[in-house]
Participant: 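Okay, here's the structure, questions in a sec.
Scope of the values below: all heavy atoms of this structure, side chains included, with no hydrogens, waters or symmetry mates. Chain naming here is simple, since letters A, B, ... match the order of the sequence lines and numbering starts at 1 in each.
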Protein chains: 2
Amino acid sequence: MSNQPPVGYLLKQAQSLLRLRMDEALKPLQLTVSQYSCLHLLRREPGISAAALARGTFMTRQSMNSMLQLLLDRGLVDRPDHAESGRALPTELTSAGRDSLDAAEARVDEVEHRMLSALSRSENDALARALTRCVIALGT
Amino acid sequence: MSNQPPVGYLLKQAQSLLRLRMDEALKPLQLTVSQYSCLHLLRREPGISAAALARGTFMTRQSMNSMLQLLLDRGLVDRPDHAESGRALPTELTSAGRDSLDAAEARVDEVEHRMLSALSRSENDALARALTRCVIALGT
DNA sequence: GATTGTATGTCAGGATACTGACATGAGCAA
DNA sequence: TTGCTCATGTCAGTATCCTGACATACAATC
């Protein structure tokens with residue numbers, strides 16, 4: 001018997017390595033994993049606020065706002081200067097942002113596919129279910 | 001059918017939440033998760049070099065050395081000023097470091113146990129195996 | 001209408017980890 | 001011995017993300 005390292009350690013190791021490989025894959029596009037996550041969520045929920053964007057990518061709204069400023073300067077996202085109602089500023093992808101995201105997604109998908117190629121379909125599903133239950137167990 | 005989020009996203013979510021809960025648990029001890037990982041590895045491999053310590057905790061040796069300097073100042077670890085042979089400076093836990101680690105481990109174990117309480121023994125093992133295979137698939 | 005609570009954006013400051021660069025010491029091969 | 005390679009420690013600078021604080025805008029309650 002081989003004294004498996006604890007799941008917490010394996011989780012950290014897998015996440016670290018995945019992030020490293022994704023960053024490598026995204027480097028030619030001048031994108032970080034965080035920026036990719038942001039663009040990805042923006043495509044799924046156009047007009048979302050920075051605070052909601054932050055929650056969806058596990059960051060603070062402060063960090064998300066400074067990241068959005070960078071993406072704005074690069075012309076990948078767009079948002080109005082003032083809100084029409086409330087304080088939330090609805091952000092959207094630009095055409096260039098969509099193009100960058102498409103290119104990035106292809107590269108990221110390749111990495112994720114490589115990671116999961118070691119698992120069967122049922123093992124993949126079991127992994128997703130187990131991680132989901134871990135998240136639930138750790139609370140909101 | 002419920003359109004499961006991709007494993008990469010779940011991995012990030014689980015790791016983010018686990019780290020958050022661990023940091024909360026360690027806050028009363030004035031320790032971060034990274035520092036805990038460092039102390040933990042030092043107990044398992046006394047006299048290890050900072051570079052090896054960095055590899056085992058998925059950081060750079062530069063970051064590890066500045067973290068070690070903090071732990072040195074707090075008296076939790078100890079290492080010689082010059083190497084007896086080569087350049088590597090063998091680091092060890094102090095008595096106070098062992099005490100801190102023991103207290104920290106109890107708190108961290110509680111968090112990890114809470115996370116894994118949602119899984120059966122066999123599901124836990126399957127999760128560990130799946131993560132290990134993911135790490136291998138992503139290369140060294 | 002006034003008050004309170006909640007959510008959002010923003011500013012300021014600090015903590016942490018990174019990259020790049022350099023010098024040093026050991027091991028190996030010509 | 002000499003030269004090459006590699007690992008380690010260290011310095012400097014940068015990037016990213018965080019916490020704390022504040023003002024603003026809507027919603028809810030009285």
Participant: Take atom CG of A:L31 and atom C1' of D:dA15, then tell me their distance rounded to the nearest Å.
Facilitator: 16 Å
Participant: Just checking B:S34: base, sugar-phosphate only, or nothing, at a heavy-atom cut-off of under 4.0 Å?
Facilitator: sugar-phosphate
Participant: Look at B:R61 and C:dG20 and indicate whether a side-chain polar atom (N or O) is within less than 4.0 Å of OP1 or OP2.
Facilitator: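 So the side chain of B:R61 is outside the cut-off, no N or O lying under 4.0 Å from OP1 or OP2 of C:dG20.
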Participant: Ion pair present between B:D125 and B:R129, side-chain N to carboxylate O less than 4.0 angstrom?
Facilitator: no
Participant: May I have the distance from B:L20 (atom CG) to D:dC18 (atom P), rounded to whole angstrom?
Facilitator: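 Spelled out: CG on B:L20 to P on D:dC18 is 10 Å.
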Participant: What's the CE-C1' distance between B:M67 and D:dG9, to the nearest Å?
Facilitator: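 It is 16 Å, rounded to the nearest whole Å.
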Participant: Is the phosphate of D:dC18, meaning OP1 or OP2, less than 4.0 Å from a side-chain N or O of A:T60?
Facilitator: yes
Participant: Between B:E112 and A:G8, is there a donor-acceptor pair closer than 3.5 Å when you use the side chain of the first and the backbone of the second?
Facilitator: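 Present.
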Participant: Return the value, rounded to whole Å, for the distance between atom CE of A:M59 and atom C1' of D:dT19.
Facilitator: 14 Å
Participant: What is the distance, to the nearest angstrom, from the CG atom on A:D81 to the P atom on C:dT10?
Facilitator: 10 Å
Participant: Side chain of B:T94, backbone of B:L76: donor and acceptor closer than 3.5 Å?
Facilitator: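 Yes, B:T94 side chain to B:L76 backbone: donor-acceptor pair under 3.5 Å.
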Participant: Name the closest nucleotide to the B:S63 side chain, picking from C:dC18, D:dC26, D:dT10.
Facilitator: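 Within the option list, the nearest is C:dC18.
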Participant: So does B:G97 get a backbone contact from the side chain of B:S100, meaning a donor-acceptor N/O pair under 3.5 Å?
Facilitator: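 Pair absent, no side-chain N/O of B:S100 close to backbone of B:G97.
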Participant: Any base atoms under 4.0 Å from A:S49, or only sugar-phosphate, or nothing? Heavy atoms, all strands.
Facilitator: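 Contact class for A:S49: sugar-phosphate only.
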Participant: Quick one: label B:A50 by what it contacts on the DNA or RNA (base, sugar-phosphate, nothing), any heavy atom closer than 4.0 Å.
Facilitator: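 Contact class for B:A50: sugar-phosphate only.
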Participant: Would you please confirm or rule out a distance under 4.0 Å between OP1 or OP2 of C:dC22 and any side-chain N or O of B:R87?
Facilitator: no
Participant: From CG of B:L26 over to P of C:dT16, roughly how many Å is that when rounded to an integer?
Facilitator: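 It works out to 13 Å between those atoms.
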Participant: May I ask you to say whether A:K27 pairs ionically with A:E24, meaning some side-chain N is under 4.0 Å from a carboxylate O?
Facilitator: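 A:E24 and A:K27: not salt-bridged.
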Participant: Is a donor-acceptor contact shorter than 3.5 angstrom present between the side chain of B:Q69 and the base of D:dG9?
Facilitator: no
Participant: Can you tell me whether the side chain of B:Q62 and the base of D:dG13 have a donor-acceptor pair closer than 3.5 Å?
Facilitator: no
Participant: Start at the 5' end of DNA chain C and walk down; is the nucleotide closest to A:A52 or to B:F58 reached first?
Facilitator: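 Of the two residues, A:A52 wins.
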Participant: Expressed in angstrom and rounded to an integer, what is the separation of B:L70 atom CG from C:dG14 atom C1'?
Facilitator: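 The distance from CG of B:L70 to C1' of C:dG14 comes to 13 Å, rounded to the nearest Å.
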Participant: Could you tell me the separation between the CD atom of B:E84 and the C1' atom of C:dA26, rounded to a whole number of Å?
Facilitator: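 Rounding to the nearest Å, CD of B:E84 and C1' of C:dA26 are 15 Å apart.
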